[in-house]
Protein chains: 2
Amino acid sequence: MSSYASRAGSLARMSDDAAPPGGRGRRPARTSGDDRELAILATAERLLEERPLGAISVDDLARGAGISRPTFYFYFPSKDAVLLTLLDRVVAEADAAMDAVFDGSVVEPRQGWQRALAAYHDTFRTHRALTVAWAEARAGSAEVRRLWAEVVERWVQRCTAVIEAERDRGAAPGGPAARDLAIALTSMNERVIYGSLSGDGPAVAADDVVPVLLRIWLSAVYGDEPG
Amino acid sequence: MSSYASRAGSLARMSDDAAPPGGRGRRPARTSGDDRELAILATAERLLEERPLGAISVDDLARGAGISRPTFYFYFPSKDAVLLTLLDRVVAEADAAMDAVFDGSVVEPRQGWQRALAAYHDTFRTHRALTVAWAEARAGSAEVRRLWAEVVERWVQRCTAVIEAERDRGAAPGGPAARDLAIALTSMNERVIYGSLSGDGPAVAADDVVPVLLRIWLSAVYGDEPG
DNA sequence: CGAACGAGTCAACAGGGTGTCGAGTTACGC
DNA sequence: GCGTAACTCGACACCCTGTTGACTCGTTCG
């Protein structure tokens, strides 16, 4: 747990930010109980490595953090809220990675897309357990669905803008609405990466994920309608 | 419920087929209780139209079918088993639709793929509630995951074979392993269609689903690696 | 006919999970 | 040294799942 606490410096202090109306965490601000909150998050991350979300109870999280179940509810309103907090961190990481790619120097397009896909893939691959758990939580929690929808919406808007820019400068031919293309391709990324991490059903091997996705993105964006 | 019973003629009689080892249904064969089994299935389908799977309890299904909860367990071992039975039907429908497409006369490739995508899309669109519920159940039930994995595997194998055939006859250029391409594109279909049916997150409008997917499939399979 | 049997039925139970309430117990500012 | 707010948890109220054992039938067959 202390290993988590040290890494956790970068954990967004969301619950402390200005106005937390119906926010995830509970307590208004600083006190010694921060340790407990961190311990809960660390326990969640640890337990998710060994078993699926559905097999982890609030009691497991509480005991793992050295507190009783009612006390858990002092820190988080539900099990999902813990996951949401953990997820925010990964999403922030993914966004940062994307920023690094889409920013500044636009090298050749192929390389740009390749880096973006790799950044996306790497971020989620290094948080395999969390990524798989999120997919499970999404099925049952409207809150999780909402957060994910927001995240995807940002990516889609970004891709849409890039595709339109490429079309404007004549590098990419016309075709379906750029946004629809972006949605479909982003959806593909999500499902393919999840499949390769979760291991159920037919999956692309980890090393082949980016090459295959890249090929499909490039031909979809830059390829002419084939006869 | 009688409206279901009439449509249910096509419901695969899986539980009666030759050897049902660890099968879904329970009773060995025919008796008056068939009505009850059908009533449970009908109730499930009806309730899924109005609320998500997680908000439907075994008790709801039992009462909806006019029986007590313990009696429900006489017919199905769990709530998931009901969904699995319902799902088998839809999958059989989708497979039949695919058979109709991939069979016999291979017209021009574009039209072939277009029909296949449309068949896939139509099948799931006409069972919207069930499709969305399946996605929810998949998160929690290994059994549901297994069934879906099998279904997808069949589609992937089919697509892989077609892509390889197109490459062999010189109609499609080389590229990533045909199977990887098939997995990625099939995954895209799954996620895009689900997204357009479930309504959370950015989605492609129902009428645009097939055109967009088709464009991506065609450029991925037939397009040369763009510069 | 009537005993035996198997299908079908359910009240009651055992067990596990969630979320809440209210009565404690610190710890720290004043 | 005392109030107040952070913090803690035993006990409770619920809801859900899955099982057990006894009960009611209709059928079958000696």
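What you see is a predicted model, and the numbers here were worked out from it, not measured in a lab. Reminder, nothing fancy here: chain letters follow the sequence lines and each chain counts from 1.
- Dashed line: the shortest gap from a side-chain N or O of B/Thr71 to OP1 or OP2 of C/dG8 is not under 4.0 Å.
- The separation between A/Ile56 atom CD1 and C/dG16 atom P is 18 Å, rounded to whole Å.
- Proximity note for B/Tyr75 (side chain, C-beta onward) versus C/dC10, C/dG8, C/dC21: the nearest is C/dG8.
- Looking only at atom types and distance, the side chain of B/Trp148 has no donor-acceptor partner in the side chain of A/Asp200 under 3.5 Å away.
- Atom-to-atom, CZ of B/Phe72 to P of C/dG8 comes out at 16 Å; the value is rounded to the nearest Å.
- Computed from coordinates, the A/Leu61 CG to C/dG17 P distance equals 12 Å when rounded to whole Å.
- A/Ser57 comes within contact range of the sugar-phosphate backbone alone, with a heavy-atom separation under 4.0 Å but no base atom that close.
- Among C/dA12, D/dT17, C/dT18, the nucleotide with an atom closest to any side-chain atom of B/Pro70 is C/dA12.
- Put simply, OH on B/Tyr73 is 18 Å from P on D/dG21, counting in whole angstrom units.
- Ranked by how close their nearest DNA chain C nucleotide is to the 5' end, B/Arg69 and B/Gly66 are led by B/Gly66.
- Straight-line distance from the CZ atom of B/Phe76 to the C1' atom of C/dG8: 15 Å, rounded to whole Å.
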(message) Assess the residue pair B/Glu190 and B/Trp155 against the criterion (side-chain hydrogen bond (donor to acceptor under 3.5 Å, both in side chains)); give the C-alpha distance rounded to whole Å, side-chain angles, the decisive distance to 0.1 Å, and a yes or no.
(response) CA-CA 11 Å; B/Glu190 179 185 322; B/Trp155 287 334; over 6 Å; no
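- For B/Phe74, taking side-chain heavy atoms from C-beta onward, the closest of the listed nucleotides C/dG8, D/dG18, C/dG19 is C/dG8.
- A donor-acceptor pair under 3.5 Å is absent between the side-chain atoms of B/Arg138 and the main chain of B/Val144, judged by distance alone.
- Taking atom CG on B/Asp59 and atom P on C/dC10, their separation rounds to 12 Å, with Å as the unit.
- Aromatic ring pairs are classed by plane angle as parallel below 30°, tilted from 30° to 60° and perpendicular above 60°; the pair B/Phe124 and B/Trp134 is tilted.
- For D/dC9, one of the phosphate oxygens OP1 or OP2 lies less than 4.0 angstrom from a side-chain nitrogen or oxygen of A/Ser68.
- Ion pairing between a basic and an acidic side chain is recognised when a charged N comes within 4.0 Å of a carboxylate O; A/Arg215 and A/Asp208 show no such pairing.
- The side chain of A/Ile67 approaches D/dC9 more closely than any other nucleotide in the set D/dC9, C/dC10, C/dT20.
- Following rounding to the nearest Å, B/Asp35 (CG) and C/dG8 (C1') show an atom-to-atom distance of 13 Å.
- Taking atom CG of residue A/Asp34 and atom P of nucleotide C/dA27, one finds them 16 Å apart after rounding to whole Å.
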